[in-house]
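Have a look at the structure below, then the notes.
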Amino acid sequence: MNDLEATALRYRDGELYVLDQRLLPGEERWLHCTGTAQLVELIRGLAIRGAPLIGIAAALWVGHSALQGEDHDELTRTIGELRKARPTAVNLTHYLDRLQHAVDNGQSAAKIGAVAVDVFEQDVALCAAMSNHGAALLQAGDNILTHCNTGSLATAGAGTAVGVIMQAHRLGKNIHVWVDETRPLLQGARLTTWELQRAGIPHTLICDGMAAGLMAVGRVDRVVVGADRIARNGDFANKIGTFMLAVLAHHHQVPFYVVAPRTTVDTACPDGGSIPIEQRDPEEVRGVIGSYGTCLWSPPNVPVYNPAFDITPAELVTGWVLDSGVYTGSQVRDGALTGRCRNC
Ligand code: MRU
């Protein structure tokens with residue numbers, strides 16, 4: 001496998017490294033991946049995160065393990081462990097299916113490694129295509145609201161929703177971004193602000209509960225978000241709080257776009273109700289936990305509900321921005337996500 005370099009993932013001199021996103025923006029520390037169990041824990045703990053990047057890291061690890069001499073049964077066990085790391089993002093399943101297929105076909109270690117490299121390089125190309133399609137939807141001077149982190153920290157390339165924002169900025173559209181802080185793990189406040197600052201894109205951080213007030217006074221022109229899994233009817237799972245934004249956008253007649261690569265579409269999944277939703281540690285809601293320290297502000301053991309994602313129904317989506325183009329609700333109902341659309 002040749003050397004590969006992304007904002008939060010590196011394959012260098014035959015070793016895999018991930019940028020520890022739990023420490024951002026305070027510290028940029030790279031972790032050396034040395035075992036399957038360690039990588040699973042890094043994914044579960046959100047040291048490495050974002051639907052595409054989780055799957056790409058897992059794919060590179062399988063390629064690396066093949067080159068280290070793991071045989072068919074060992075690679076199958078490695079893939080099985082990685083599959084269980086996080087349940088909602090379907091990219092992980094899709095990429096590991098590709099690797100398992102190569103393993104089951106008796107491919108050489110070099111060929112299995114080449115599949116992993118292709119997963120990485122394909123994502124870079126998919127990000128570029130989505131960014132171009134999505135940027136065309138943004139108007140000069142737009143105020144864009146986004147949620148969670150969907151940039152180069154979450155993919156091998158420019159990102160999904162943040163990729164669109166970056167491209168619109170490069171085109172000189174003079175946009176401004178409202179960044180939802182994204183409780184409980186603050187991916188917006190910690191990571192999206194870090195990326196937008198580095199890119200020099202004007203932005204303002206808000207608490208999640210402030211979006212309604214901004215929309216009510218006309219200060220949000222468009223909402224763009226990413227996805228962890230899109231069902232074939234267009235319903236999709238994304239970071240908890242996304243559904244609330246979609247309801248608000250609908251109420252205020254603000255266009256609402258979801259941006260994702262084809263690897264996030266699950267054609268086997270009929271609708272949002274069939275998407276598995278990850279439940280996380282109650283402590284994440286009882287206070288804040290991170291590199292900034294731990295502060296638990298609720299009574300100990302207070303009952304907590306902590307799903308990592310929610311489902312946005314297709315009827316609230318203005319457009320699905322994929323690498324192949326932008327699709328409307330009627331095109332999605334006509335099969336745009338399964339490749340059977342007659343009017344796309
Ligand atoms: O729990 P996370 O931080 O992995 O959640 C990430 C998101 O919800 C993103 O919006 C999604 O993965 C799309 S990123 C390209």
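Each ligand, and each atom within it, is numbered from 1 in the order the structure gives. All values below come from the heavy atoms of this structure, side chains included, with hydrogens, waters and symmetry mates left out.
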Ligand 1: which protein N/O atoms lie under 3.5 Å from its N/O atoms?
{"residue": "ligand 1", "atom": "1 (O)", "partner": "R86", "partner atom": "NH1", "Å": "3.3"}
{"residue": "ligand 1", "atom": "1 (O)", "partner": "R86", "partner atom": "NH2", "Å": "2.9"}
{"residue": "ligand 1", "atom": "1 (O)", "partner": "K239", "partner atom": "NZ", "Å": "2.7"}
{"residue": "ligand 1", "atom": "3 (O)", "partner": "R49", "partner atom": "NE", "Å": "2.5"}
{"residue": "ligand 1", "atom": "3 (O)", "partner": "R49", "partner atom": "NH2", "Å": "3.4"}
{"residue": "ligand 1", "atom": "3 (O)", "partner": "Q187", "partner atom": "NE2", "Å": "2.9"}
{"residue": "ligand 1", "atom": "4 (O)", "partner": "G50", "partner atom": "N", "Å": "3.0"}
{"residue": "ligand 1", "atom": "4 (O)", "partner": "R86", "partner atom": "NH1", "Å": "2.8"}
{"residue": "ligand 1", "atom": "8 (O)", "partner": "D228", "partner atom": "OD1", "Å": "2.9"}
{"residue": "ligand 1", "atom": "8 (O)", "partner": "N238", "partner atom": "OD1", "Å": "3.1"}
{"residue": "ligand 1", "atom": "8 (O)", "partner": "K239", "partner atom": "N", "Å": "3.3"}
{"residue": "ligand 1", "atom": "10 (O)", "partner": "N238", "partner atom": "OD1", "Å": "2.6"}
{"residue": "ligand 1", "atom": "12 (O)", "partner": "A51", "partner atom": "N", "Å": "2.8"}
{"residue": "ligand 1", "atom": "12 (O)", "partner": "D228", "partner atom": "OD1", "Å": "3.0"}
{"residue": "ligand 1", "atom": "12 (O)", "partner": "D228", "partner atom": "OD2", "Å": "3.3"}

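Judged by the 6.0 Å and 45° rule, R10 forms a cation-pi pair with W30. Both the sub-6.0 Å distance and the 45° axial angle are satisfied by R198 relative to the ring of W194.
Environment of NE2 in H250: sparse, with no more than 12 heavy atoms of neighbouring residues, nucleotides or ligands closer than 6.0 Å. Annotation: Q253, atom CD; neighbour count of heavy atoms from other residues, nucleotides and ligands within 6.0 Å does not exceed 12.
The disulfide bond (SG atoms under 2.5 Å apart) analysis of residues 294-344, with sequence neighbours excluded, yields the pairs C341-C344.
Counting all heavy atoms, side chain and backbone alike, I48 lies closest to Q21 at CA-NE2, 4.4 Å.
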